[in-house]
Number of protein chains: 2
Amino acid sequence: MQLRMTNQREIILRVLRSNKQHLTADELYDVVKKLMPRISLATVYRNLEILSDAGMIGKLEISGRQKRFDYDPSDHHHIYCAVCHRVDNLPDNCQGVKQKDLGRVRGYSVTGYRLEIVGICPDCQALEEKEKKGDE
Amino acid sequence: MQLRMTNQREIILRVLRSNKQHLTADELYDVVKKLMPRISLATVYRNLEILSDAGMIGKLEISGRQKRFDYDPSDHHHIYCAVCHRVDNLPDNCQGVKQKDLGRVRGYSVTGYRLEIVGICPDCQALEEKEKKGDE
DNA sequence: ATTACTGCAAACGCTTTGCAAATAT
DNA sequence: ATATTTGCAAAGCGTTTGCAGTAAT
């Protein structure tokens with residue numbers, strides 16, 4: 001089964017890449033719909049799955065919530081905001097994360113690991129500041 | 001709002017603790033239903049949420065799949081099997097994981113982190129060995 | 001010409017919710 | 001007595017799928 005570069009697929013890829021965020025399927029759908037009003041949400045889902053299987057984009061399955069898709073398919077870590085759920089890429093040289101050599105833990109053969117750091121992003125910190133002031 | 005120790009809640013807690021696995025809501029429901037046939041799945045969901053909010057059990061939200069609940073609410077990491085999705089607790093002294101002092105990465109205020117190690121559990125390794133032999 | 005892909009609508013799996021009745025405090 | 005909790009059924013959400021038609025190779 002060879003991939004065909006349909007208009008839909010091309011636009012989905014272009015939007016994801018130019019947007020440079022970690023969008024969910026429906027966020028992406030909202031943007032794409034403006035460029036191609038008749039596209040269906042199912043097409044977006046299907047293409048995101050196909051593109052990530054093909055290694056052209058990354059798929060983020062973070063902790064029980066909606067999947068997000070990453071314009072950057074290379075191996076890297078993420079940081080996400082506990083408040084607004086936005087996700088950012090983490091710099092490669094993030095130390096203390098290189099223990100793939102955890103080796104065999106509890107008899108498991110370790111094939112990979114995922115480090116998720118939870119925090120509050122600058123924007124939400126600012127918002128919280130504002131709210132605090134509003135409450136006074 | 002103070003917690004009431006209903007029969008339902010007590011049984012849910014007891015099953016989770018005695019089972020000592022990381023069960024999903026419906027796995028737990030299946031077990032509990034044998035002891036209390038008229039209990040509803042919604043009650044199980046509600047109680048698991050309440051109990052984890054109260055810090056009496058832990059909630060595991062792993063990568064886009066079903067939530068699992070942990071009899072042990074203390075802070076620790078998990079290892080899960082990429083094949084059968086079973087989850088085990090990780091020993092505390094797992095080194096290289098103590099970098100809560102990643103500090104302020106990208107302007108985020110870091111409130112926590114989650115390390116998910118992906119591997120294949122002993123049982124599944126054994127099964128794969130068997131299958132390999134079967135294929136020959 | 002062939003076969004991957006599309007849009008639509010309907011179904012899916014897991015989880016949450018509104019309600020009136022039941023029960024723990 | 002009074003609030004929390006229950007069971008039920010229905011709705012919710014994100015996602016997937018069957019289908020007949022459309023379009024890329």
Assign B:Arg38 to base, sugar-phosphate, or nothing according to its heavy-atom contacts below 4.0 angstrom with the strands shown. sugar-phosphate
Whether B:Gln8 contacts D:dG7 is assessed here as follows: a side-chain N or O lying under 4.0 Å from the phosphate OP1 or OP2. Is that the case? yes
Go nucleotide by nucleotide along DNA chain D from the 5' end; which of A:Met5 and B:Ala42 gets its closest nucleotide reached first? B:Ala42
B:Ala25 has a side chain; which of D:dT6, D:dT15, C:dT15 sits nearest to it? C:dT15
Expressed in angstrom and rounded to an integer, what is the separation of B:Leu60 atom CG from C:dT15 atom C1'? 17 Å
From the list B:Asn47, B:Leu48, B:Ile57, side chain to side chain contact (heavy atoms under 4.5 Å, CB included) partner of B:Leu13 resolves to B:Ile57
Considering only heavy side-chain atoms of A:Gln66, the closest of D:dA3, C:dT6, D:dT15 is D:dT15
Whole angstrom is fine here: how far is it from CG in A:Asn7 over to C1' in C:dA4? 14 Å
Between C:dT3 atom C1' and A:Leu3 atom CG, what is the distance in whole Å? 13 Å
From the set D:dG14, C:dC14, C:dC5, return the single nucleotide nearest to any side-chain atom of B:Tyr45. C:dC14
Sugar-phosphate, base or nothing in reach of B:Arg9, heavy atoms under 4.0 Å: sugar-phosphate
Atom CG of B:Leu41 to atom P of C:dG13: distance rounded to whole Å? 14 Å
Could you state the NZ-P distance from B:Lys67 to D:dC13, rounded to the nearest angstrom? 15 Å
Listed nucleotide nearest any side-chain atom of A:Arg46, set C:dT15, C:dT16, D:dC19: D:dC19
How close or far is atom P of C:dT23 from atom CE of B:Met36, stated in whole angstroms? 10 Å
Kindly determine whether A:Lys59 and A:Asp70 satisfy side chain to side chain contact (heavy atoms under 4.5 Å, CB included), including the steps that lead there. CA-CA 6 Å; A:Lys59 181 169 25 167; A:Asp70 193 340; over 6 Å; no
Can you tell me how far C1' of C:dC14 sits from CG of B:Leu28, to the nearest Å? 15 Å
Could you go step by step and tell me if B:Asp26 and B:Gln66 meet the side chain to side chain donor-acceptor pair (under 3.5 Å) rule? CA-CA 10 Å; B:Asp26 60 296; B:Gln66 250 180 302; 2.5 Å; yes
Please answer whether the main-chain N or O of A:Ile39 pairs with a side-chain N or O of A:Thr43 as donor and acceptor at a distance below 3.5 Å. no
Listed nucleotide nearest any side-chain atom of A:Thr43, set D:dT15, D:dA9, C:dT6: C:dT6
When rounded to whole Å, the CD to C1' distance for the pair A:Glu10 and C:dT6 reads 16 Å
Sugar-phosphate only, base, or nothing, as touched by A:Asp26 at under 4.0 Å among non-hydrogen atoms: nothing
Side chain of B:Thr6, heavy atoms from C-beta onward: which of D:dG7, D:dA23, C:dA24 has the nearest atom to it? C:dA24
Is it true that B:Glu61 and B:Arg68 have a side-chain N and a carboxylate O under 4.0 angstrom from each other? no
